[in-house]
4 protein chains.
Amino acid sequence: MIKQNKRDKIIEAALQIFLKEGYERATMQGIASAAGVGKGTTYEYFPSKEALFNDVVREGFDYLITELAVALEQEGTIQEKVERMYLRHLTIFQTETQFRDLMLNDMGKIPEETQLWLIAQQSEFVLKLKGILEDGIKIGELRPIHTRVAANTITHGLKMIYYYQGEEHESIEELVKEQVAMLFNGMNQI
Amino acid sequence: MIKQNKRDKIIEAALQIFLKEGYERATMQGIASAAGVGKGTTYEYFPSKEALFNDVVREGFDYLITELAVALEQEGTIQEKVERMYLRHLTIFQTETQFRDLMLNDMGKIPEETQLWLIAQQSEFVLKLKGILEDGIKIGELRPIHTRVAANTITHGLKMIYYYQGEEHESIEELVKEQVAMLFNGMNQI
Amino acid sequence: MIKQNKRDKIIEAALQIFLKEGYERATMQGIASAAGVGKGTTYEYFPSKEALFNDVVREGFDYLITELAVALEQEGTIQEKVERMYLRHLTIFQTETQFRDLMLNDMGKIPEETQLWLIAQQSEFVLKLKGILEDGIKIGELRPIHTRVAANTITHGLKMIYYYQGEEHESIEELVKEQVAMLFNGMNQI
Amino acid sequence: MIKQNKRDKIIEAALQIFLKEGYERATMQGIASAAGVGKGTTYEYFPSKEALFNDVVREGFDYLITELAVALEQEGTIQEKVERMYLRHLTIFQTETQFRDLMLNDMGKIPEETQLWLIAQQSEFVLKLKGILEDGIKIGELRPIHTRVAANTITHGLKMIYYYQGEEHESIEELVKEQVAMLFNGMNQI
DNA sequence: AATGAATGAGAGTTCATTCAT
DNA sequence: AATGAATGAACTCTCATTCAT
């Protein structure tokens, strides 16, 4: 097993607990126990519960954004890129349906500065996607759509998978592909 | 003004407070004060904070689902119906961006039974929409799409508006219309 | 027994505990227990430990100053007035030698405002005493002494009794009288 | 500069911190940092916070008593000796008004044994002063006063300077001299 | 000998809930 | 039925002390 330092162990345990319990329900004692350290130890690494949450969010979001950006940058048509991104997103959160509680919730407890950082990160990501869509229009791969709305729809559409219940005879992967196909091909008869 | 009974006053006040503060941050004292009743009185009508939250969620969700269903049932093309539903949804939550905190968050605190009820309500709604889409395919208004995925995408796509930042020269209403148009017409060149 | 309201019971218990333990050592649990109420109840009456301490100090000091002023205002020579004041002071603190901890110590924990109030109260008292001394000089009862220093010496000299150890065959009352006599008659041969 | 050993550096730092913060507020980490050593190092020299405080008090008191005794032993009338002692006392504490917090406060935290030692030291000092006063009476320099009370009054009167506020056109030195003069000459008209 | 990472007992404070009025 | 005073469990955070290095 890879040797992890205490800080990483606490971050990881905190992520799990925040996910399972939400910010308020989570207790420092619980996080410490899950990390296999004493309660006081958490305060050696993070000055407060809020600061710990802040770092958890930052590291988690950083990881997520990076992964998605990589998926976008690989070869293929734009629809393929987006599909790849959706599937990567799915893989990351398949085991953690509660991840929405970290990403959508509890955001009032992080410092203004981090809130702004999150928005900035997300905006940057949306802009990158917008650029890709504009290129797609230029080379005639896409119709002349409203790229800002499209980039936002695609980005926030990622979160839809949080709500897919396990259903009968189709895998979630297939549903995701169908969803992306719909975004690109539309529903109207032509 | 219609005389409201105490129970309704408490439910209404609780909704506002839960929206503003989230479940954990909300206090029974705050809810009671906002409702203009004594703290003990809340316990005459609801046996616990959780039970109150449960009822608030049920009533709120009920109202929402009903409103959206009405929007769907009115005349027009399917795209028009969906657009109407999106705009109705927008109207309801325009003033309460924190509504996502009630709908997406804090759901761990309601009893299993209500969780299942919520899912059932939502499934029922998705089914109704699915039926509408199937009719649309039958009469040739829509392409032969995967109706379950489409119904889910449309339903969960409603939540995207929570994340629209106030942007420059376009109103949110226009962005919503663009978003619906994209769902129906697709992004790919044809 | 006189029926005391809860606030008074808490103030009284807090006084005892603060005297015995000092501000930092005193615990809200201990104060609550001593007052015969629940821990949370103290917070119904005082928003914090500091606020409770503040009120204890104000009420205690108020009582003390009033009692001493009364002793000064009764009939007699100036030496008799001062002696009476010293003895009254002695009576009040005879059972509470730790009172110095409340009056001299722990003053960093009370709000600036109360600190200023205490100084103002004390200054006012010293001024009153200074006036009495000046009258004494005018009517030839006292030598033309430095009245400000004298008033301060007498006032702060009150605190000396905190340090009298129980000694052999003389009572503290007698020692106090001797001390006052010395202040008025001096030590030098004439 | 004389090389100080670690123990002395810790004692000195601890004195400063105890003076500034009081016993409870002072932290071992703060003391260690001020002394320029590691936190664990303090425990190499002193087994506990209480033990450290104990040693600080003993050494500080020792120094004080010695200084005052020296002032008393130099040449002059008794009034001059006492005045010299008061001024020496003033010099020592002029910069540290918080010294009263060490001397008057926090004494509950030192072991019984040291408490008794302090009382004994003080008693011894009072006795020495009492002897001086008795000699003064014998040679007719002083009136036949109650020497024990006088010695106590003089000794405890030292603490009065803690309470002198900075005042207008007189220096504290002048006030101290006035105070001593009053003790020796009395206030009553003769 | 010197260190500081690790710890957990214990502090102040909040608040859902109870219950006498 | 309506109330709010009373309560204590449970929380975050501090810091004296230990101990492996």
Side-chain angles (χ1 to χ4, degrees), chain A residues 5-7 9-10 21 23-33 35-53, chain B residues 5-7 10 23-33 35-53, chain C residues 5-7 9-10 21 23-33 35-53, chain D residues 5-7 10 23-33 35-53:
Chain A
N5 66 26
K6 284 247 162 72
R7 187 180 181 283
K9 283 204 307 195
I10 294 168
E21 314 275 0
Y23 179 79
E24 304 285 354
R25 288 275 226 257
T27 72
M28 292 302 267
Q29 177 60 259
I31 290 168
S33 298
V37 301
K39 184 178 23 158
T41 304
T42 58
Y43 286 90
E44 290 287 319
Y45 293 92
F46 307 93
S48 69
K49 187 185 183 183
E50 262 189 41
L52 172 56
F53 184 66
Chain B
N5 65 29
K6 286 235 166 87
R7 188 180 179 284
I10 294 168
Y23 179 79
E24 302 287 351
R25 292 271 229 259
T27 70
M28 292 302 269
Q29 176 60 72
I31 290 167
S33 298
V37 302
K39 189 178 7 170
T41 306
T42 56
Y43 285 87
E44 293 290 324
Y45 293 92
F46 306 93
S48 71
K49 188 184 181 185
E50 264 189 38
L52 171 57
F53 184 66
Chain C
N5 65 26
K6 285 247 162 74
R7 188 181 179 283
K9 284 203 307 195
I10 294 168
E21 313 275 1
Y23 178 80
E24 303 286 354
R25 288 276 228 253
T27 71
M28 293 301 268
Q29 176 60 72
I31 290 168
S33 298
V37 302
K39 182 166 33 151
T41 305
T42 58
Y43 286 89
E44 291 288 319
Y45 292 92
F46 307 93
S48 70
K49 188 185 182 184
E50 263 190 40
L52 171 55
F53 184 65
Chain D
N5 65 28
K6 286 234 165 88
R7 187 181 180 285
I10 293 168
Y23 179 79
E24 302 287 353
R25 293 270 229 256
T27 69
M28 293 301 269
Q29 175 61 257
I31 290 167
S33 297
V37 302
K39 191 181 359 172
T41 306
T42 57
Y43 285 88
E44 292 291 323
Y45 293 91
F46 307 93
S48 71
K49 188 185 183 186
E50 263 189 37
L52 171 57
F53 183 66

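- Taking atom CZ on A:Phe53 and atom C1' on F:dT12, their separation rounds to 16 Å, with Å as the unit.
- When the P atom of E:dA2 is taken as reference, atom CG of D:Asn5 falls 10 Å away, rounded to whole Å.
- Between D:Leu52 and D:Met28, some side-chain heavy-atom pair lies under the 4.5 Å cut-off.
- Along DNA chain E, the nucleotide closest to A:Tyr45 and the one closest to D:Val37 are compared, and the more 5′ of them pairs with D:Val37.
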Going 5' to 3' through nucleotides 15-21 of chain F and flagging B where a protein heavy-atom sits under 4.0 Å of the base, S where only the sugar-phosphate is that close, and - otherwise, we get SSBB---
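- If you take NZ of A:Lys9 and P of E:dA5, they are 16 Å apart, rounded to a whole angstrom.
- Rounding to the nearest 0.5 Å gives a distance of 7.0 Å between OH of A:Tyr45 and CG of A:Asn5.
- The heavy-atom pair separating D:Gln29 from D:Lys39 by the smallest distance is NE2-CE, 3.2 Å.
- Taking the side chain as every heavy atom from C-beta outward, A:Arg25 and B:Tyr23 approach each other to under 4.5 Å.
- In this entry the distance linking CG of A:Leu52 with P of F:dC13 reads 10 Å, nearest Å.
- Heavy atoms only, all atoms of each residue included: A:Ile10 and A:Ala35 are closest at CA-CB, 3.9 Å.
- Using a 4.0 Å heavy-atom criterion, one finds that A:Phe46 contacts no nucleic acid atom at all.
- Residue D:Lys6 has no polar side-chain atom (N or O) positioned under 4.0 Å from OP1 or OP2 of E:dA1.
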A correct dot-bracket answer for DNA chain F, with pairs being Watson-Crick or G-U at under 3.5 Å, [ ] for crossing pairs and | for inter-strand pairs, is .||||||||||||||||||||
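- Between B:Ala32 and B:Gly38, the shortest heavy-atom contact is CB-O, 3.7 Å.
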